[in-house]
Structures are given as C-alpha cells and as structure tokens.
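We name chains A, B, ... by the order of the sequence lines, and we start the count at 1 in each one. Computed from heavy atoms alone, side chains included, the values below leave out hydrogens, waters and symmetry copies.
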Amino acid sequence: MERYDPHAIEPKWQRFWKEKGFMRAKEEGQKQYVLVMFPYPSGDLHMGHLKNYTMGDVLARFRRVQGYEVLHPMGWDAFGLPAENAALKFGVHPRDWTYENIRQAKESLELMGILYDWDREVTTCEPDYYRFNQWIFLKMWEKGLVYRAKGLVNWCPKCQTVLANEQVVEGRCWRHPDTPVEKRELEQWYLRITAYAERLLRDLEGLRWPEKVKAMQRAWIGRSEGAEIHFPLEGREEKVTVFTTRPDTLFGATFLVLAPEHPLTLALASPERRAEVEAYVEASRRKTEIERQAEGREKTGVFLGAYALNPATGERIPIWTADYVLYGYGTGAIMGVPGHDQRDFEFASRFGLPIRKVIERPGDPLPEPLERAYEEPGIMVHSGPFDGTPSEEGKAKVVAWLEERGLGQRKVTYRLRDWLISRQRYWGTPIPMVHCPRCGVVPVPEEELPVLLPDLKEVEDIRPKGKSPLEAHPEFYETTCPKCGGPAKRDTDTMDTFFDSSWYYLRYTDPHNEILPFDPEKARFWMPVDQYIGGVEHAVLHLLYSRFFTKFLYDLGLVSVEEPFQGLFTQGMVLAWTDFGPVEVKGEKVYLPEPTRIMLEVPRNELTLEEIQKMGAELREKEGRTHLFKPAVMSKSKGNGVMVGPFVREQGADIARITILFAAPPENEMVWTEEGVQGAWRFLNRVWRRVAEDREALLQVTEPLEAGNLKGADRALYAKLHETLKKVTDDLEALRFNTAIAALMEFLNALYEYRRENPVTPAYRRAILDYLRMLFPFAPHLAEELWHWFAPNSLFEAGWPELDEKALEKEVVEVAVQVNGRLRGTIQIPKDAPLEVARAEALKVRNVQAHLEGKEVVKEIYVPGKVLNLVVRG
RNA sequence: GCCGGGGUGGCGGAAUGGUAGACGCAGCGGACUUAAAAUCCGCUGGGGGGUAGCCCCCGUACGGGUUCGAGUCCCGUCCCCGGCACCA
C-alpha cells in the first residue's frame, strides 16, 4: 500500500484545478460572494496571514460544490507607506518591491491550495484601478461631498503626513504606536462622511455582523440627542451657542466654557485678561493628546473676562476657556452645570464658581452643598416654571420653551468627523485637482483621467519631507487650468490608501472595465458580499469607509445595495510559542536581562513564577540555559512566523489547513504548535489508510445501495453518515470549522470501528465516498486524490451529498431516566414509544428501582426521545 | 467609568432548558517490534465504596432564584479579554 505523501499529490491537483478553472465566476444562477480582506503585499507569508484565506477557501469550495456560482477573488492593497519605506531602505522602487511581494504571496497562496478567480485580480497601484479612485473622487466633488478646509490636523512625525481621526489610536499613529500624533494647521481635502452619519448608524441594524463591531461603529458615529442653546453676550451683539444633552439643567448653568480653539475665545477676551488667555490657547495648541492625558483629569482653564446671560434665568455668568472642552464636538462650547455634570463640578470647585442644584433626587433629597454632581434623572427644582417636572420630560419642555423664544432648538450631534484624505506621500493616488490662480480649485475633467503618478526614479525623490514629494516635481504639477487654459498647478498630495480599499470589492465584479469603475449590472448580480472575512482592527476604518462609499454609489445609482457586506466574520489571530530570551531563576523570582512589557503595564525586568504562569508563559531549557517562552502573534519582527513555503514543502498544505482550522474556533486566537500539526497529520493519515486499505475491495463493490433496506451495522453506519453530513453542513454554514472537523474525525472513528467487524459493503462504499465529498473543503488535495481512485470526475463536479432526512429518524432511541431530576439509568425504546412503554422499561432498570424503593411517584415528565423524569416523594 | 464578549478537565475546546466534558492534544496502560518511531486497542474531571457487574457524592467563577430538570433562563457579586474614554 502506498503511503500518504502530501508532497506527491498536492501540486498535481493544484495544477488540475487551475487548468479546469473551477473557481471562475460567471453571472448566472444563484450566487455567493465570498471575500477575504485583501492584503497589503508585504513579503513572504506565514501561517498567521494564511488563516483568513484558508477560511475563505473552505467556504468558497463548499458553496461551489453546493451548486452556487461563487465569486472568490483576490487582489492587493498595493499603495502605501511600507513600500516607500522599503524603497528608502533598500533603494528599490516601491513598484518593484510591491510586485515582488505580490509574486511571493501568490506563490504561498497557491501552495496552500487556495483557489481564486485570478482573472479578476485587482492591484490598486495600477493606473487602471486608481483612475477610478479619481473618478469616484470627482463624482463626490460634484455632489458636494469633497471639500478643502484649513484647520488643526493630526500629523504623524514618523509618517511625515497627516492622518484621519480613525487612524489615531490613543493619541498615537495607528502604524507607530510609540509616536504621539502632533497637531498642525493645514489646508487639506476632506470627504463629507458626516453627511451619511445617520444612515451609517441606522443600517447597522440589519447586518449579520459581530455585535462587537457594530458596537464599535455605533460608538464611533456617536449620535446624541440634545439641544443647541444660544447664550446672549453682555455688551455684544453675538451669541455663544452651546450644545447640551441636558437642556433640563439649563437653570443650573452658572458659567460657559469655550474650547481653546474656538474663534470667540480670543475675540471675547477682555484687554486685561488677553495675555493670559493667549498664553493658555497657545499652550493647549502645542500639547499632544498624550500630554493632555498625562496631566490626568485635573481641570485647567482661564477666565476670559467676559460674561454671558443665562437665557432662562437672565443671570450674568462668566465665560471661561478650558481644554476639557473639545473644539471638534458639538459647537465647541458648553454651558457649565456643575450641579449635574461631574466634569463641570470639578471645574467649578477648582475655580470657585457657583454650584447650583436644579434636579432633585426623588425620595432621597441631595445634600447641600452638593458633594458631587448628581447626573441621574430626577425632579426639576429652582427652575422657574418647570419646578416639579420630571427631568426626562423637562428636556423636551425646556427645548420647546427655548424654541418659542428663538433661544435654541433641538439638535442631534455626532462624534463622527469628516474624513481627511490628503497624504503628503508619494506612493498613492494623485488627487485629481488643479489649483488655478484665477479660477481657484478646478477638478480635472473626467476624460483626462488618470492623473498618472510620475515614475520617480531616485530614492531621494520619494523621501517624505513634511510636504508631498511631488511638490519637488514641476514636470508633474505644472499644468494648465481646465477652465481658463492658463498656467496652473496640480494638487501634489496623494489619497489616503483607505480610499483604494473602500470600493475594491466592487471592482472584482467587473475588473477590466475601462469606462466605469464597474458595470452596475454586474455589481447588481454579485453584491452584496455574502460573507466577508477579516481582522477586527478595521472595525472603524475600512469597514466604515466602505459602507460610506457603497451608500454614495447607491445614491449615484451604480450599486443596488446600501450595505456592501451582509455577513462579517472577524477571525482570531495566529500565535506561536516565542522565545523571549534567556532568564535567570532565583527561587520564586525570574530575572530578565532587559525590562520587558510583555503583559505588563510598566516594563520590568523581574517577574515572579506566579506572574509567569498567569500570563501563560513557560520556562524552558534551551542550550543549557533557561529561556522565557510565551505565545505571541506571529510576525516578521518577532521572527516567530511559521513560513508557508517551507512548511508546505516539508509537511503539506492539507496538514496546514487542518492545523489552522481545528485548533480553535475561528473567531478565537489559536496557538500554532507542533502537537497541533501532529494531530492534523494523524487525522489525514488515518483517512488515507482507511481508504487505501480498502481500495481494492471498494472497487469491487458494484451493487447499488438501497438505503431503505439496510440492516444492523450498515444501517447504523448510514444513519451516522447522515448525522455527520447534517452537522458538517450546518457548521460550514456558520463557519464553525473546528466542530465540523471534529464531526469528520468522529465519523472516521466510526468507519474504523465498522471495519473491525464488517466487510466492505455498498453502505460502506457510500460512506467512504460521501466522506471524501465532505472532507473536500477542508483537505481538498487528499480528498481529490482518494476520490479519483473511484471516480473519473473532480470533487468540484461531484456536488455536496444530499441529506437523507429519513436516515436521521432513529427507530430505537436512548432515553435518559431520571429520578427527581438526577440521572439513574438509560433505556432503549422505540422513538415514538408512549409513556406507558417508557415507564415500564424504566422500572426494569435495577438502579432506577433502587431509587424508587419505598417512594411514591407523584409526577412523570416524559420528553420522547430525550428524557423520562420520575418525581418521587417519601 | 461606559459599551461589547467571556469565565466548563492538565491544555485547545463540545453541549436547540433534557445523559456536562464531543473531537483533539498531553498523560497512563496494553499489543506489535530486537529496539525506537509509526500504528492499533483501552483508560483518562475530582472524591469515595465494591471481588466484580457496577454504585454513591461533588463538579461548568461565586451567591441567590425560576423549573420536574439549569453550563444554558432571571437577579446580584467577583474576575478576565476587547473597544471607547473630559464627546457636554
């Protein structure tokens, strides 16, 4: 008998599938769009990268054999900083570096047996693609969704470019977690995503997405209902408008606070206070987000020397500026209600401002003076005509009162900001705009697209310098104005690469279209993506932007759906045991040569054994020394990645696939281990041997299977086959790959058990062949090889086994017998046996008898096929 | 602090309100082998009892509750992971 040798069979079937084009997608029949977030091509791939694509491949194959037309495409998010950085480091052009990486990645994907419709490959750095970035940008411009504005923006000193709000994480650059983001005053391009805030929020409801991701998007959009209230100024015509969610506390507003950046802050400062106010504004502008946070929550601020009037009480109240008020939210100004907002309370306490109670706690009156702000609902007091009103009702009543007098109005505010898309970098899509000294900003006419990214040959040309590298290239920016024909200058910034990835899934539906980004009819056929698979790190980046783009294109009539991704699955990461270096162990303490921050808030170089255990780490001997090992996310920098090429060449693609899929539920983290690989190998080898040992006998079975007339072991095997089929099918539908494989292992055990006692029969033959069909999505090479021993066609053509519902109906079932809810035995009875039969059978069980001894049965609960519970007394 | 998700053997993890621990890893015992590997068979939550077939008790973070019956539902508490965080 031949041995299972993955190396001998895998390349053969990979070539076969490719030649046959089983994954070529056609617009006919029932469709399934299976999509995995396309990668940034960064080099050789390790198993951490491959988990996603393996999951997508399993699902795509499953859908294909189920009979769907499946769109399972792949492409490359090819613009971006790493290519430039590599160019700077190695002196190679970003394009060459990118394409070499794409070549390597493709090779890894093919080695794993992951099949795509490569005719639809999309690479975002190609002019054929990015010309439509420019096209979409111009359409947005036409619709008023693109604008240029000057303001304080986030600047990453490492990237040497501005960032969108979504790309700032805890005050730091998302790509450089060690680098605080600075603020700069710049004029930049924005997309008006805020115009879609309400729809982006509302349409989350219907999506089959993880609750976690929906919650993150909701929080990011940050809708809140309240009111804008206008406070007249003392001695001036203008008013200060504030936003509040608590109009019911208006009578308790004893001061106003403007954000330092608010235009009125400097304008309102009195001559005596001016210097101090200016200094405060200047200081807060210089502070990074990180520095602000480092100061703790200690409130700072200065009095402007100006006063406003509380529109409800007519009271004269002071106006301050403080950096706890954010310019970007609401109106950038608040009314200070220290009695009922803890932040205002702290501010008022620090600066001696009056604190007034205007909401009373029902049943348990608040102490006076207040010890802290009372923020819960209550009854309005000291509020003139509103006294006695419950505060929740008071909100609407106060707003109505204000509206009647023209002092304010109801208002819904969002935290979402417009998307800053300019980037001062080379390797991206040029922004198709021209600056004309006479006509101002003029869009490049559609027929002149694409605005080509010039091919900069010198590394120094690419290096970011705090402004766009293209700024140094007159051959690029010198142009004529499309409107007046006079000399003009092209915009030299490039687009955020998230623009590229915001519509790539639409390009797959029609990747070669030269006139439009895609044919609306083709998009209509394929959209929406039925199952999207990717990392949770894009919860408020790519996934939000893509939803925005889809809605925009929907409004243009180009897409028929308002939401791009019906189903979303966020997979867990792949970890590997990682050597964190030698350590010294003394008693209960472990000493590291350098301070570490693995799992610690503060870096330390001393750990206790208990801490090590708690963080899931281990001490292992290596070359005569003790090393600290701990599972860590596979990454190039840690050098702990199991590389695809070498692994597949030594062990095999199917083994890698099973290892990844079986180790843990796909949404969880998984640790790649040698034991896991061993287990996968054992499983597949067992499949091989089961089939190989019976190969000749199976070929000799010619009589057809009569499912209705099976007896004994054959009948049991057939029933188990269909139970397994149901389980595997359901699990695949829900992407529960680990339990699907567990069911396949269980059935394999049943096949071994069967053959210990029984010959090869038609029922057994059917079980083996259907088994291979079920195994196909998971371990396609092995399944295809074994299948071909018995059949001339491919498993792609064999289809998914049809479920025989009748086989699931057991005639004899095992029923648990409980006495007072505790298991005391089991009985075998016909499926539909009445209570009398079940009771009679149960009473024959000795252990049940023992527990009924001398007791009276007062109640019998019988769930046919499940349980008989005898409730006794005495 | 707020929001989301969790807490089940030595480990990864299974369980539509109905026999907790499927499947696998690790471990233990046996067969085969000169030996090892591989493979095959068996055992494997904790405690106790019995010559044995087996039986009993405890057990899904903790405390209550609903129910004939709770890992699953409800209330409260603790802990862990992830996200957000001066958003008025």
Side-chain angles (χ1 to χ4, degrees), chain A residues 3 169-170 210-220 222-224 226 242-246 249 253 257 259 292-293 295-299 322-326 328-337 340-344 346-347 375 413-417 536-537 539-540 570 614 616 658 662-665 667-671 673-683 685-686 689 727 736 738-749 752 756 814-826 846-847 850-851 858-863 865-872:
Chain A
R3 283 174 45 84
V169 181
E170 290 175 1
E211 193 49 43
K212 171 176 53 172
V213 177
K214 287 195 198 182
M216 282 167 76
Q217 290 216 356
R218 274 187 213 113
W220 189 260
R223 181 183 200 274
S224 56
V242 305
F243 174 72
T244 180
T245 54
R246 294 295 303 275
T249 62
V257 188
R292 264 201 200 189
Q293 275 167 24
E295 289 165 5
R297 292 292 138 93
E298 191 69 16
K299 300 279 180 294
D323 65 5
Y324 82 92
V325 175
L326 308 174
Y329 182 75
T331 61
I334 61 144
M335 60 181 197
V337 185
H340 306 285
D341 182 289
Q342 186 57 25
R343 295 156 301 184
D344 296 343
E346 285 160 19
F347 189 75
E375 296 182 319
T413 305
Y414 301 89
R415 288 172 64 180
L416 182 69
R417 315 287 161 75
V536 73
E537 65 273 15
V540 284
T570 53
K614 213 175 147 197
I658 297 294
F662 181 65
E667 66 273 23
N668 287 16
E669 285 183 342
M670 69 150 294
V671 184
T673 60
E674 190 44 46
E675 289 80 8
V677 174
Q678 275 296 323
W681 191 87
R682 269 201 285 264
F683 166 53
N685 200 30
R686 245 161 88 78
R689 282 200 326 271
K727 172 83 177 145
R736 289 187 297 249
N738 57 324
T739 48
I741 292 171
L744 289 172
M745 289 175 166
E746 200 178 328
F747 190 59
L748 183 63
N749 291 341
Y752 270 82
R756 272 209 296 280
E814 191 179 56
V815 170
V817 181
Q818 299 177 340
V819 177
N820 283 351
R822 307 186 60 124
L823 182 71
R824 297 302 177 193
T826 58
R846 244 185 314 162
N847 197 36
H851 284 274
V858 294
K859 198 169 176 185
E860 293 167 311
I861 286 111
Y862 179 45
V863 184
K866 293 275 188 199
V867 71
L868 171 66
N869 188 10
L870 304 171
V871 184
V872 300

So do Val817(A) and Arg824(A) actually touch side chain to side chain, heavy atoms under 4.5 Å? no
Side chain to side chain contact (heavy atoms under 4.5 Å, CB included) partners of Ala743(A), counting only residues at least two apart: Thr724(A), Lys727(A), Val728(A)
Please check if atom NZ in Lys214(A) has more than 12 non-hydrogen atoms from other residues, nucleotides or ligands closer than 6.0 Å. yes
Out of C84(B), C86(B), C23(B), which nucleotide sits closest to the side chain of Arg415(A)? C84(B)
Here the helical stems involving RNA chain B, each at least 3 consecutive Watson-Crick or G-U pairs closer than 3.5 Å, sorted by first residue number, are B:1-7 with B:78-84, B:10-12 with B:23-25, B:27-31 with B:39-43, B:45-49 with B:54-58, B:61-65 with B:73-77
Counting only side-chain nitrogens and oxygens, does Arg822(A) get under 4.0 Å of the OP1 or OP2 atom of C58(B)? yes
Contacts of type salt bridge (Lys or Arg N to Asp or Glu O under 4.0 Å), residue Glu537(A), not counting sequence neighbours: none
Distance between P atoms of C54(B) and G59(B) (Å, rounded): 25 Å
According to a strict under-4.0 Å criterion, is Arg756(A) in side-chain N/O contact with OP1 or OP2 of C41(B)? yes
State which residues pass salt bridge (Lys or Arg N to Asp or Glu O under 4.0 Å) with Glu211(A); sequence neighbours excluded, sorted by chain then number. Arg218(A)
For Phe347(A) and Ala322(A), work out which heavy atoms get closest and say how close. CE1-CB, 3.7 Å
A88(B) phosphate, OP1 or OP2, under 4.0 Å from Tyr329(A) side-chain N/O: yes
Check every strand shown and say whether Thr413(A) touches a base, only sugar-phosphate, or nothing at a heavy-atom separation below 4.0 Å. nothing
For Arg736(A), what residues pass the salt bridge (Lys or Arg N to Asp or Glu O under 4.0 Å) criterion, not counting sequence neighbours? Asp731(A)
Walk along nucleotides 64-74 of chain B from 5' to 3' and tag each nucleotide B, S or - by protein heavy-atom contact under 4.0 Å, base first, then sugar-phosphate. ----BS-----
Contact string for nucleotides 9-17 of chain B, one letter per nucleotide 5' to 3', B = base within protein heavy-atom range under 4.0 Å, S = sugar-phosphate only, - = neither, reads ---BSS-B-
What is the distance, to the nearest angstrom, from the CE atom on Met670(A) to the C1' atom on G24(B)? 13 Å
For Ala816(A), check side chain to side chain contact (heavy atoms under 4.5 Å, CB included) against everything at least two apart and list the hits. Leu823(A), Val867(A)
Contact list (N/O, under 3.5 angstrom) for nucleotides 26-31 of chain B vs protein:
from, atom 1, to, atom 2, distance (Å)
A26(B), OP2, Arg682(A), NH2, 3.1

Quick one: what's the B/S/- string for nucleotides 2-7 of chain B, heavy-atom cutoff under 4.0 Å, read 5' to 3'? --S---
Residue set satisfying salt bridge (Lys or Arg N to Asp or Glu O under 4.0 Å) with Asp341(A), at least two apart, ordered chain then number -> Arg343(A)
Nucleotides 44-55 of chain B: protein proximity per nucleotide (B base, S sugar-phosphate only, - neither; heavy atom, under 4.0 Å): ---------B-S
For a quick check of understanding: with a heavy-atom distance under 4.0 Å over all strands, which category does Asn685(A) fall into, base, sugar-phosphate or nothing? nothing
